[in-house]
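Below is one structure; the comments refer to it alone.
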Protein chains: 2
Amino acid sequence: MELTERKLKILQAIISDYVRTAEPVGSRTISKKYDLGISPATIRNEMADLEEMGYLTHPHTSAGRVPSDMAYRLYVNALMEKKELSREEKSIISQRLQSNVHEFEKTIEHAASLLSEITNLTSFALTPTKEEDALRFINLLPVDEKTIVLMIVSESGKISNTALTINAPYSEENLQLLAKAMTYNYKGKTISEALTNNIIESFESDIAAMSGLAHDIMPNFMRTLEDMLNVNLYMEGLSNIFDIPEYNDLQKAKSFIEMLSQKDIFTRKLLERDDGIIVTIGAENADDIMNDCALITASYHVDGKLVGKIGVIGPTRMKYGEITSVIEYMTDNLSDTFKLESGGNDKDE
Amino acid sequence: MELTERKLKILQAIISDYVRTAEPVGSRTISKKYDLGISPATIRNEMADLEEMGYLTHPHTSAGRVPSDMAYRLYVNALMEKKELSREEKSIISQRLQSNVHEFEKTIEHAASLLSEITNLTSFALTPTKEEDALRFINLLPVDEKTIVLMIVSESGKISNTALTINAPYSEENLQLLAKAMTYNYKGKTISEALTNNIIESFESDIAAMSGLAHDIMPNFMRTLEDMLNVNLYMEGLSNIFDIPEYNDLQKAKSFIEMLSQKDIFTRKLLERDDGIIVTIGAENADDIMNDCALITASYHVDGKLVGKIGVIGPTRMKYGEITSVIEYMTDNLSDTFKLESGGNDKDE
DNA sequence: ATTAGCACTCTACGCAAGTGAGTGCTAACA
DNA sequence: TGTTAGCACTCACTTGCGTAGAGTGCTAAT
C-alpha cells in the first residue's frame, strides 16, 4: 500500500494532536480541527490503512488511534519541522548558560536543569569523556615529611590530584627528577594510552633511590588516571514525569525512576550513543525497560575535541521538533562557550 | 490522665504492629497477638484513653488505631530498644565500607547506598563541611607561559586546584615567592577565616612585579576557597518509596521526590541539624512538606574534626530501633576509617 | 476494674446499568 | 471509483447500590 500525500497529512495531524493531548485521536476530531476537507468516514478508511501499514495502533476497538513508534520515526525523519527558536528564547538560553561559566561542572549541571525546565521532561548531562585527553604535565610536590601530592594536568585543562603517604624517605630533588621523568614519558599520550603503559619496570633498574619512590607513586598515578576518565552524570527534572499521563501509574513511575537511578548503567548507555543529535524511539532503545521511552541526546564539544552529552528522556509522545531545536541550540552554545574558555580558567571538579 | 504501665505496653504493641503492617491496629489484634492477658474490650478502653491523651489517632470510626507523632516520639525517647546488630550484620557493613576506602567520596556514596539497601528507605550522605578545615599549604605551579596552577592543600588532606590564565608575564621565582607569602599568611587559618581576609591590599604596595600576579591570582584563590566549602550530597534508594504504602499515591510520591530533588534546600536542612544521632518525626520537621516524614541523621567525623552526615528519610512509620542502630554502627565505622586514613591517601574529588 | 454482648459506623469491594466516544460496514451519492 | 451518511456495535468508564467485614463504643453483667 502506498503512503499517499493525504495519508501523510492525516498521520501528521494525528501525531500532532496526540502529542498535545495524550488521548487517542478519533476521526471526527481530525476532520473538525484540521482542515483537510474530507469527512470522518474517509479519514476512518485512511486510518484503517495506516493501521494496517503499522503507523497507528488501537488501544481497543472503540478508541481513537495512537501513533506507533514507526509513526514517530517517520515523523522525526521526514515530517517534522525544526522549530526556529525565537530571539527571546535564544537569548534566555544563552544568558542562563553564561551565568556560571567559570565553573565547568556547574555549567553542565545548569544546562541540564535549564533543559528540563524548558521541555518539562527529565533531562541529563554528561561531562566529557577524557579518553582522548592528553597528559600535559605531571608534578610531585612535597607537603610534609610523609606526604606528597601527585598532580596531573591534561591538555584540556583538567587537573587531578592525589595526596600520597610515602613510606620511604624522599628528597625534593628525587621528586623533581621523577616528575620530570614521568612528564617526559607521558606527555602527549592520552589517558587511555597512559593507562596501558606502566613505566614502573623501566625505573626498577634505574637509580636505586628512586625505585622505592616510584613504587609508592605509580599505583596511585594509575588510579588517578582511571579517575580522570570518569564522567559525571547530572540529572534534573525527575519529578516532571509525575505530570506526564504516560507515567500516571505507580508501576510505570517506579520503573522509570528505577532505571534512571542506576546511574552507572544509564551513563554507559549514553556513552555508547553516537555523537550529534540522536533520537531513539521506543523499541529502538535496545533496553526493554526503555521500550516506552524516547531518548534525545546531543553532543557538545570542549576545546573542539572532548565530547560530552546532554539530552532528555520521556514518553515516545514528545515534541520532537521543539526539543531537538532547543538541544541543538544549547549544545552549540556550550561548544562555543568551552571553545572561548579553552586555555582559560577551568576549575577541577 | 496517667500513662500507666499497661497503657505503655498497649501503645508499644500498637506501634510495633503498625510499623510492621502499615494497617490501623484493632483491639482484637492486640489481644490476640500480644500476650497482655486482657480482653479486647479492656484494650479498647485503654485505647480510647490513649487517643484522648494524643498518642493515637483514628482514621475513621470503624478503623483501628494509628500511632501519632507524639507516640513515635515517646517510643524513640523511652520505649525503643536499640537493636544490637548481629556479628554477621556488622561484618557485612564493615566489609562493604572498607571496599573503596582509598576514594573518600566513593566511600561516602557507597555508605549511602548500603544504608538504603539495609533499610529499604531513601538514604543520603553529606560530605563533611570544611569550614573548620585549616589551610596547610598553598602552591603556584608553572604549566606553560600563560598557565599556572593554583593548588591548596588543607589539614584534612583535601586538595583543590585551579588552572589560571595569567595575563602578565611571570617568573618562576615570583610564583614561588607569592606562594610562600600566601602560605605564610593563610597557614593554620580555617577556610572561613581565609575567605574574610583578602591579602591583596598588602601586596598592592609591595614589590611591583608581584602586584600584577597577585591581582590575577587572588580572585581565583577566593573562588577556590569557596568551592572547597561546598559539600556534596549523595542520595540513594529513591525508588524504594514506591514500595512503601504511605506513598502509594502519585501525589504523595511526587511531592516526596520533588522535595528531595531540591538538593540545595535539602542540604541546607541537613547542615542545620545538630551532630550525633538526631531523629525528627512528622511535624517536628519544621517544613510543611516533611510533615509526613521521619528523618534520622547521624554525623561521622573525618580526622576527628570535620563533620559529615548520613541518614535516611521515610514515613513516620519506620523501624526506629533498627535503623538508629545501623546508622550508629555505620557512622562509627566511617569515623574510624577516616581516622586511620588521616594523613593517608585521600583523593581529591 | 474487667469483660461479654450488641448495635452502630464506615470503608472496601463487586456488580449492574447507563453513557459516550469511536469504530467498521453498508449502501447511497457525485 | 472515491467519498460520505447512516447505523449497529464495541468497549472503557462512571455511577449507584447492596453487602461484607472490621472495628468501635456503650451497657450491663461479672
Please tell me if A:Thr42 has a side-chain N or O lying less than 4.0 Å from either OP1 or OP2 of D:dT4. yes
Is it the case that the side chain of [X] and the backbone of [Y] share a donor-acceptor pair, with hydrogens and angles ignored and the cut-off at 3.5 Å?
X	Y	value
A:Asn285	A:Cys293	yes
A:Arg65	A:Val25	no
B:Ser299	B:Lys309	no

[X] [atom1] to [N] [atom2]: how many Å, rounded?
X	N	atom1	atom2	result
B:Lys33	D:dG23	NZ	P	10 Å
B:Lys7	C:dA1	NZ	C1'	12 Å
A:Glu46	D:dG2	CD	C1'	10 Å
A:Tyr18	C:dG22	OH	P	14 Å
B:Ile38	D:dT30	CD1	P	22 Å
A:Asn45	C:dT23	CG	C1'	11 Å
A:Arg44	D:dC9	CZ	P	16 Å
B:Leu56	D:dG23	CG	C1'	14 Å

So how far is it from A:Leu295 CG to A:Leu121 CG, rounded to the nearest 0.5 Å?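 It is 11.0 Å, given to the nearest 0.5 Å.
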Sequence neighbours left out, what passes side chain to side chain donor-acceptor pair (under 3.5 Å) with B:Arg273? Give chain and number order.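 Once residues adjacent in sequence are excluded, the partners of B:Arg273 under the side chain to side chain donor-acceptor pair (under 3.5 Å) criterion are B:Thr280, B:Thr297.
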Contact check, residues 58-70 of chain A vs DNA chain C, heavy-atom distance under 4.0 Å, returns A:His58, A:Thr61, A:Ser62, A:Ala63, A:Gly64, A:Arg65
Does any N or O donor sit under 3.5 Å from an N or O acceptor when you compare the side chain of A:Arg28 with the base of C:dG22?
->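 Answer is no: no donor-acceptor pair is held.
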One pair to check against salt bridge (charged side-chain N to carboxylate O under 4.0 Å, His left out): B:Glu328 and B:Lys83. What are the steps and the verdict? CA-CA 11 Å; B:Glu328 187 171 26; B:Lys83 179 190 160 203; over 6 Å; no
